[in-house]
Amino acid sequence: QVQLVESGGGLVQAGGSLRLSCAASGRTFASSTMAWFRQSPGKEREFVAATKWNGLSTYYADSVKGRFTISRDGAKNTVYLQMNSLKPEDTAVYYCAARQKAQISSREYEYDYWGQGTQVTVSS
């Protein structure tokens with residue numbers, strides 16, 4: 001059974017930073033893709049960033065490019081999302097997701113496993 005557990009959310013002022021963590025367990029992730037999605041109230045869940053488990057390829061939504069960085073620590077089976085220059089519109093529940101294929105995807109339906117989410121609130 002695969003488990004993804006997010007942490008690191010919270011309340012921050014606009015312009016501030018947060019780092020989200022996603023601890024993965026239950027299987028080998030060597031051939032997987034990991035991603036972050038987010039969902040704001042009244043909106044559909046949207047793609048934020050993704051990385052191959054080997055860290056050699058990453059992909060970002062245009063809205064976060066240059067501000068967010070996705071990375072992973074293979075030894076800890078953990079994926080991170082460093083979020084800088086946060087804006088009020090970044091306020092959302094952030095979800096970690098895993099896909100059992102090496103190809104990066106921004107499509108929600110192509111991810112097999114999901115965490116419970118962590119709330120990020122950016123005040124103006």
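We number each residue from 1, following the sequence as shown. Reckoned from all heavy atoms, side chains included, excluding hydrogens, waters and symmetry mates. None of the values given here were measured: they were computed from a predicted structure.
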Kindly compute the distance separating [atom1] ([X]) from [atom2] ([Y]), expressed to the nearest 0.5 Å.
X: S32; Y: Q103; atom1: OG; atom2: CD; result: 11.0 Å
X: K87; Y: S85; atom1: NZ; atom2: OG; result: 8.0 Å
X: S7; Y: R19; atom1: OG; atom2: CZ; result: 9.0 Å
X: D90; Y: M83; atom1: CG; atom2: CE; result: 7.5 Å

Within-4.5 Å side-chain heavy-atom neighbours: [X] and [Y]:
X: L81; Y: V48; value: yes
X: Y111; Y: S105; value: yes
X: V12; Y: T121; value: no
X: I104; Y: K52; value: yes
X: Y60; Y: F47; value: no

With R99 as the cation and W53 as the aromatic partner, state whether NZ or CZ is under 6.0 Å from the six-membered ring centre and within 45° of the axis.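 No.
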
Check step by step if salt bridge (charged side-chain N to carboxylate O under 4.0 Å, His left out) holds for K101 and D112. CA-CA 10 Å; K101 292 187 177 179; D112 306 296; over 6 Å; no

Please determine whether the number of non-hydrogen atoms from other residues, nucleotides or ligands lying under 6.0 Å from atom CD of E46 exceeds 12.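 It does: E46 CD has more than 12 such atoms within range.
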
Kindly determine whether K65 and D62 satisfy salt bridge (charged side-chain N to carboxylate O under 4.0 Å, His left out), including the steps that lead there. CA-CA 5 Å; K65 203 173 293 182; D62 287 343; 3.0 Å; yes

Can you name the closest pair of heavy atoms from [X] and [Y] and give their distance?
X: V120; Y: L20; result: CG2-CD2, 4.0 Å
X: A23; Y: T78; result: CA-OG1, 4.0 Å
X: S63; Y: R38; result: OG-NH2, 3.6 Å
X: C96; Y: M34; result: SG-CE, 3.9 Å
X: S106; Y: F37; result: O-CE2, 3.7 Å
X: A14; Y: S124; result: CB-CA, 4.4 Å

Does I70 share a hydrophobic cluster with L4, counting links as ILVMFWY side-chain heavy atoms below 4.5 Å and allowing steps through other members?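 Result: yes, single cluster for both.
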
Sidechain-backbone polar pair: [X] side chain, [Y] backbone, donor-acceptor under 3.5 Å:
X: Y94; Y: E6; value: no
X: T118; Y: G9; value: yes
X: T51; Y: S71; value: no

Can you confirm whether or not the ring centre of W36 sits under 6.0 Å from the ring centre of F68?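 No, the ring centres sit 6.0 Å or more apart.
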
